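Heads up, the thing below is written out as structure tokens.
The structure displayed is predicted, hence computed values, not measured ones.
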Amino acid sequence: MKYKALKGICDILPPETYIWQHIESVAKEVFKTYGCKEIRLPIIESSEIFIRSIGETTDIVEKEMYTFQDKAGRSVTMRPEGTAPFVRAFVEHSLHNEPSPQKYYYMGPMFRYERPQAGRQRQFHQIGIEALGTDDPKIDAEVISMLMALLKRIGLKDIELEVNSIGCGICRPEYKTVVKDFLRENLEFFCEDCKRRYEINPLRILDCKVEGCIGRRQAVPSIVNLLCDDCKDHFEELQHYLQLLNVSYRINPNLVRGLDYYTRTAFEVKGKSLGAQNAVAAGGRYGSLVEEFGGPAVSGIGFAIGVERLLSLVSEGHNDYGPDIFLCFLGDEAEKKSFMLTNELRAEGLWVETAYDKSSLRSQMRRADRIKAKNVIVMGEEELKKKKVIVKNMAGKEEVETVLEGAEIIKVVQKDILSV
RNA sequence: GUGAGUGUAGCUCAGUCGGUUAGAGCACCAGGUUGUGGCCCUGGUGGCCGGGGGUUCGAGUCCCCUCACUCACCCCA
């Protein structure tokens, strides 16, 4: 084989593409009912946007970005996530002047240079929303419940919502210090990764899976008990609203987000059958990102769904796509007439296929069956003399003779199409 | 970046102790007597056995290197 797609970058082929279309259209319907408007954002941005927002010491920025120089020598990066480009656009176009709160959704590819594995590829797709213009925890609950409503409508089972508050610019640094104080004495007994985390992001130690580390960190107090009063109130109200909306959730005090810009609310939806990369969607509140990008002091909250991970959770079975009509012909005159009729029926919005060369009726019927045609039209010399055609329903086998006229044929075929 | 596993047809896999022209099922294409699909039957297309080197009279099979893929760690959607 001469050429292959790049490592971790996949083609999406039919019938998979049908499931993608389905998910995207359901998402759009759900978002519409919450007032989210679509925003389409570029795939490459100035590198600085990601470095400043995601954080210089995060893995994404340190080793996972597709960054290169354009012809003018500027450093540009293929977006590893959607929030930073969104906030850049929000500020650039002064979208805070739209009636508040402003709610947007986006969908598209993201790029991270990582070793691929189950549920992780270098080009992957996210469907995300962002809601800005209010600090009220009511909108946090609304955003989370919108996510759960969407996942439910897509038919996901065996998923679990985890929520946490990771504090704000005031109480989180204080909590970090508390964690470091508690771990300092025993640090030598922790795993190598945790020793590294201690310097870079000590909160991650609370999420380590190594058994020895789990036992040794027991004494560390939970962040939930050390939030400042404002953050604490926010978190409690969020839970209150989630309960009002009957959204079931689990508080995970060890839930940490990997991106620096998150404040207060953090949440994640985990899929039970997903393997090691089990977050199907995640999000959180960002308190000062808009300001850091030179915009007004408005905060936002958003989430992103990993579409590929979502797909691996949704049961398949969208494999029954086939033409509404397959047109069989016999004889030279019928070939011409059927070619014209194919065109006419397509103009009416039907999916119509026909044979491209002369072959036996048996062979044409076989082809119609293989491509899962719902109906077959037989146009032979005998029918042509009477200016009629035979319409056959492939599932039920019944045949009807009808006049050779597009409108009449559509009438015969219609009930089957509508019932699909 | 680290570790483990797997590479034979488009897909799923056989291939004996190293033996002659590499197989099956599915899929695809063409047929199975005047114009009716699915099941069945016949035939056909499709392989540098991931690549390179070595051992041997002889390698899909044994050895070395390499590449690719997969899973996991890290991290994340």
### Query
Would you find a donor on one side and an acceptor on the other, under 3.5 Å apart, between the side chain of A/K176 and the backbone of A/P202?
no
### Query
On a plain distance test, is the side chain of A/E114 in donor-acceptor contact with the base of B/C74 below 3.5 Å?
no
### Task
Determine the Euclidean distance between corresponding P atoms of B/U56 and B/G50; express it in Å to zero decimal places.
23 Å
### Message
Would you measure the distance from the P atom in B/G52 across to the matching atom in B/U61 and give it in whole Å?
### Response
12 Å
### Message
For A/F293, I'd like to know if atom CZ has over 12 heavy atoms of other residues, nucleotides or ligands within 6.0 Å.
### Response
yes
### Query
When the distance from CD1 of A/I305 to P of B/A77 is rounded to whole Å, what number comes out?
13 Å
### Message
On the six-membered ring of A/Y113, is A/R122 placed so that its NZ or CZ lies under 6.0 angstrom from the centre and within 45° of the ring axis?
### Response
yes
### Query
Between A/D59 and A/K63, is a salt bridge (charged side-chain N to carboxylate O under 4.0 Å, His left out) present by the stated rule, with each step listed?
CA-CA 6 Å; A/D59 275 27; A/K63 49 192 193 193; 3.4 Å; yes
### Task
Kindly assign one of parallel, tilted or perpendicular to the pair A/H96 and A/F90, based on the angle between their ring planes and the thresholds 30° and 60°.
tilted
### Query
P atom, B/G3 versus B/U66: distance in rounded Å?
13 Å
### Task
Could you check how far NZ of A/K7 sits from C1' of B/G1, rounded to whole Å?
13 Å
### Summary
Taken to the nearest whole Å, OH/A/Y113 to P/B/G1 is 7 Å
### Task
Please measure how far the P atom in B/G31 lies from the corresponding atom in B/G47, and state the result in whole Å.
23 Å
### Message
Each nucleotide in nucleotides 32-47 of chain B should get exactly one letter: B, S or -. Can you fill that in based on protein heavy atoms under 4.0 Å?
### Response
B--BBBB---------
### Message
Within a 6.0 Å radius of atom CD on A/E48, are there more than 12 heavy atoms belonging to other residues, nucleotides or ligands?
### Response
no
### Query
Of the residues in residues 115-126 of chain A, which ones touch RNA chain B at a heavy-atom distance under 4.0 Å?
A/R115, A/Q117, A/A118, A/G119, A/R120, A/Q121, A/F124, A/Q126
### Query
Do you see a donor-acceptor pair shorter than 3.5 Å between the side chains of A/S46 and A/R74?
no
### Message
Using whole Å, what does the distance between atom C1' of nucleotide B/C74 and atom NZ of A/K63 come to?
### Response
6 Å
### Whole-Å distance separating the CZ atom of A/R197 from the C1' atom of B/C74
8 Å
### Task
Determine whether the side chains of A/S273 and A/D158 contain a donor N or O and an acceptor N or O closer than 3.5 Å.
no
### Query
Who are the side chain to side chain donor-acceptor pair (under 3.5 Å) partners of A/N252, not counting sequence neighbours?
A/E162
### Query
Can you tell me how far C1' in B/C41 sits from the matching atom in B/G19, rounded to whole Å?
36 Å
### Task
Between A/G8 and A/V256, just flag the one whose closest nucleotide in RNA chain B comes earlier from the 5' side.
A/G8
### Task
Could you check which of B/A77, B/C75, B/A72 has an atom nearest any side-chain atom of A/R309?
B/A77
### Query
Phosphate oxygens OP1/OP2 of B/C69: is one of them under 4.0 Å from a side-chain N or O of A/K4?
no
### Task
Would you kindly give the CD1-to-P distance between A/I9 and B/A68, to the nearest whole Å?
14 Å
### Separation of B/C73 P from A/D207 CG (nearest whole Å)
12 Å
### Query
Within a radius of less than 6.0 Å around NZ of A/K195, do more than 12 heavy atoms belonging to other residues, nucleotides or ligands occur?
yes
### Task
For B/G44 and B/C49, measure between their C1' atoms and round to the nearest Å.
23 Å
### Task
For nucleotides B/U2 and B/C11, find the distance between their C1' atoms and express it as a whole number of Å.
33 Å
### Message
Applying side chain to side chain donor-acceptor pair (under 3.5 Å), can you list everything that pairs with A/E291, at least two apart in sequence or on another chain?
### Response
none
#### Entry: B/U34 versus B/U42 - spacing of their C1' atoms, nearest Å
22 Å
### Message
I'd like to check the ring pair (Phe, Tyr, Trp, His ring centres under 6.0 Å) partners of A/F326; sequence neighbours left out, ordered by chain and number.
### Response
none
### Task
Look at all strands and tell whether A/R112 reaches a base, only sugar-phosphate, or nothing, counting heavy atoms closer than 4.0 Å.
base
### Query
Taking for each residue the nucleotide of RNA chain B with the nearest heavy atom, is it A/Y262 or A/L274 whose nucleotide lies nearer the 5' end?
A/L274
### Task
Considering only NZ, NE, NH1 and NH2 on the basic side and carboxylate oxygens on the acidic side, decide whether A/R367 and A/E353 come within less than 4.0 Å.
no
### For RNA chain B, the dot-bracket pattern of Watson-Crick and G-U pairs whose distances stay under 3.5 Å, | for other-strand partners
(((((((..((((.....[...)))).(((((.......))))).....(((((..]....))))))))))))....
#### Entry: Rounded distance in Å - CD (A/E308) to P (B/U70)
13 Å
